[in-house]
Amino acid sequence: MLTFVARRGLGMLISTLLVISITFILMQLIPGDPAAVMLGSNATPEQIEQLRASWGLDRPMLVQFYRYFVNFLHGNLGQSLFYRRPVLQIIGERAETSTFLGVMALLVVVGVGIPAGVISSLKQDSWTDNALLLVALAGASIPSFWLGLMLMVVVAGKWHLLPSSGFTSVFNTGNLTNLKNLILPALSLGFVNAALVARTARSSMLDVLRADYITTARAKGLAERVVIVKHALRNASIPIITVISFTFASLVSGAVVTENVFALPGVGSLIVQSVLKRDYPVIQGIMMVVAILYVLVNFATDLTYASLDPRIRYH
Amino acid sequence: MTTESSLQVRASESTTLRRAFDATLKFVTKRKTTLSAVVILVALLFIAAFGPTISPYGANKLNLSDRLQGPNITHLLGTDNFGRDILSRALSGTRITLLLGLSISGFALLLGLPIGMLCGFYDRFGIVVMRVVDAMMAFPAIILALSLMAIFGKPGVLNVIIAVGIVWAPRMVRVVYSSTLSLRENTYVEAARALGMPSLRILVRHISINLLSPVIVQATFTFAFSIMEVAALNFLGVGIPPYIASWGGMMNEGRTYIIRAPWIILFPGLFLATAVLSFNLLGDALRDRLDPKLRRIM
């Protein structure tokens, strides 16, 4: 197990390094001079030159990359051009909303997707199965922001059941009921991804349910619930976990638009605002933080596989 | 060539065509879902081709006295806050959506096919490049597309094609790479090598032809995902310029009036979901028909 962790850990470090390099290279492609952008149109050439020198933009590219990398290791992702504050600090302030939204959406994904898939597989080709498959198929094709807008019209606009937008920090106010602002966004974001998990859970369960050990378990007289949960679901879980780890990227993508729809102060709406304001250091910071999180999630998924299925460690 | 043999050639050509036609017909009609997907796609193509001719009003025709009308006889899908006809705008958006989907899949293919093939064929090259490709895939699609749009500096059709194309190219590389890895183990590749065929020629003559199935399937899925992503970019106001009617742009414009006039958002979304659904269904059907083993990598 230790060599497995070491090998995957090394792979993770290489990926992180590549992610940092890619963001650096992409930001070199921006037309024009970042110093000139920051100082605005009234700046004199001397002022621009001074800022370039203080940022090290007049140094060779490799030196710039080295500085950038060292700064990254010190947790310094630069200053926002618009807010004039450290990028990491701004992202940190927005992280709470996005994290709550992500976790709640993931609860929807797991809580709806897996039971739907399992029920579908247990009642293969029945009316329930077909109906669930149809919903899953439609769910995978609906844009989450559109679903969010429609939920907003019906649930918030017509029925007045839940708030339609905004979110106030739970940590700052100590008020857990603020989370109800995230129910509609989490539902719209989660449902679309639950569709994919349901399809995978169904096909994976169908494969497992035909296995001999399931027949044996039933023949031993085990309760059906035990057969399904302990014998079938555990063995069907690897593909399901893969898909759930895929949904991380898809949840992040969806969250960018969903946060915008529901006016939530998260990292997703921050990147959209930064793109509109051309606040490149913030864009760069978010790209890096999200990609590194993705690499970490993949690493965690690999470790989960290895603990669920010991054979994987020896591959 | 004698008349008789040329007739034979023509006859065999027509049987081949006939067989291909029969096989396509059988594929399309075998499953109800495939049939409905194909019917929807044909309808969308028709709308894309003749949209401006069949639509009741101009896509950008303002009519302020008719603003924010619900669906009725004169405006079947209602009007927006400028009195523009939603149906006409949605029909007009079909053409740009399909054109963008096609261009983006083409772009991803143009980058993905050669890179994936070379990576799959030359191990040393593959190990290095595939690491970079995997790192590219660590950026969630919309974040990468948004950042690229910010780097390009302004909204525009070509910029959207390149930005979303770059997002989906690595996924195409992955599919081509894994297919090439298994194709190169085939006996016919070994035979071609033994006969002294240069590697590049093997790639072009033997490998590329056999990559057709996975590439077609992946291009169909790329199409579905990319039109969804383009809609998201347009919805966020960083996609194509607002004077071109697009489904995502229409939904963005309708946000202010969402409670008063939800149809401005409802219908473009339905058009988008239908298009994405039909491409997904077609992709599923093509995958199962052309190569069921692909299920594992797609």
Side-chain angles (χ1 to χ4, degrees), chain A residues 11 14-23 26-27 29-32 137-138 140-147 149-150 152-154 156-158 164 203 248-257 260-261 268 271-272 274-280 283-284 286-287 290-295 298, chain B residues 33 131-154 166-167 224-225 227-229 231-233 235-238 247-248 251-252 254-255 258-266 268-270 272-281 284 295-296:
Chain A
I14 295 175
S15 302
T16 312
L17 203 64
L18 281 169
V19 161
I20 298 171
S21 315
I22 291 172
T23 13
L26 281 179
M27 289 299 142
L29 300 176
I30 300 167
L137 203 60
S141 307
I142 294 175
S144 61
F145 60 94
W146 182 72
L147 184 63
L149 287 164
M150 290 300 120
M152 198 192 260
V153 171
V154 179
K158 285 239 157 63
S164 66
S203 63
F248 172 79
S250 147
L251 281 181
V252 173
S253 272
V256 170
V257 199
N260 201 274
V261 167
I271 191 171
V272 176
S274 308
V275 167
L276 293 171
K277 288 177 190 141
R278 309 254 169 277
D279 195 344
Y280 295 114
I283 301 175
Q284 185 181 27
I286 295 177
M287 278 181 82
V290 171
I292 290 172
L293 272 177
Y294 177 87
V295 173
N298 266 347
Chain B
T33 46
R131 272 274 165 202
V132 179
V133 166
D134 285 345
M136 288 289 285
M137 283 164 70
F139 299 101
I142 195 93
I143 299 235
L144 187 55
L146 274 171
S147 311
L148 288 169
M149 287 308 286
I151 289 168
F152 296 152
K154 57 176 189 295
I166 290 180
V167 172
F225 286 122
I227 60 176
M228 192 113 99
E229 191 146 315
L233 287 179
F235 179 75
L236 295 171
V238 287
W247 297 337
M251 290 190 255
N252 186 22
R255 286 170 70 181
I258 181 168
I259 300 297
R260 217 175 129 196
W263 52 86
I264 305 179
I265 292 174
L266 175 72
L270 283 180
L272 175 62
T274 316
V276 173
L277 179 66
S278 55
F279 275 100
N280 276 337
L281 286 175
D284 279 349
R295 253 182 195 286
R296 271 181 284 136

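As a basis for the values below, the full set of heavy atoms in this structure was taken, side chains included, without hydrogen atoms, waters or symmetry mates.
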Heaviest contributor of heavy-atom pairs below 4.5 Å to chain A, chosen from B/L236, B/I259, B/L148, is B/L236
Count the heavy-atom pairs under 4.5 Å between each of B/D134, B/V276, B/T33, B/I151 and chain A, then report the option with the highest count.
B/I151
[X] and [Y]: which non-hydrogen atoms are nearest, and at how many Å?
X      : Y      : value
B/G254 : B/I264 : CA-CG2, 3.6 Å
B/M251 : B/P268 : CG-CB, 4.0 Å
A/G254 : A/S144 : CA-OG, 4.1 Å
B/A145 : B/E229 : CB-OE2, 3.5 Å
A/V19  : B/A138 : CG2-CB, 4.1 Å

Which portion of [X] sits near chain A, non-hydrogen atoms under 4.5 angstrom:
X      : result
B/M136 : both
B/L281 : side chain
B/R131 : both
B/V132 : both
B/L266 : both

Got a sec: does the CZ of B/R255 have more than 12 other heavy atoms crowding it under 6.0 Å?
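Atom CZ in B/R255 is crowded, with more than 12 foreign heavy atoms closer than 6.0 Å.
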Does any part of the side chain of B/I143, heavy atoms only, come nearer than 4.5 Å to the side chain of B/S147, both counted from C-beta?
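B/S147 reaches B/I143 side chain to side chain.
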Can you find a heavy atom in the side chain of B/L272 that is under 4.5 Å from one in the side chain of B/F235?
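The answer is no, as the side chains (C-beta and beyond) never meet within the 4.5 Å cut-off.
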Using non-hydrogen atoms only, which part of [X] is less than 4.5 Å away from chain B: side chain, backbone, both, or neither?
X      : answer
A/Y280 : side chain
A/L276 : side chain
A/I14  : side chain
A/I22  : side chain
A/M287 : both

To the nearest 0.5 Å, what is the distance between OG (A/S274) and CD (A/Q284)?
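That separation rounds to 12.0 Å.
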Quick check for you: to the nearest 0.5 Å, what is the distance between B/N280 atom CG and B/F225 atom CZ?
6.0 Å
Top contributor to chain B contacts, counting heavy-atom pairs under 4.5 Å, from [options]:
options                        : value
A/T16, A/L251, A/V261, A/V295  : A/V261
A/A249, A/S253, A/G157, A/G268 : A/S253
A/L29, A/L147, A/L26           : A/L26
A/Y294, A/F248, A/W146         : A/W146

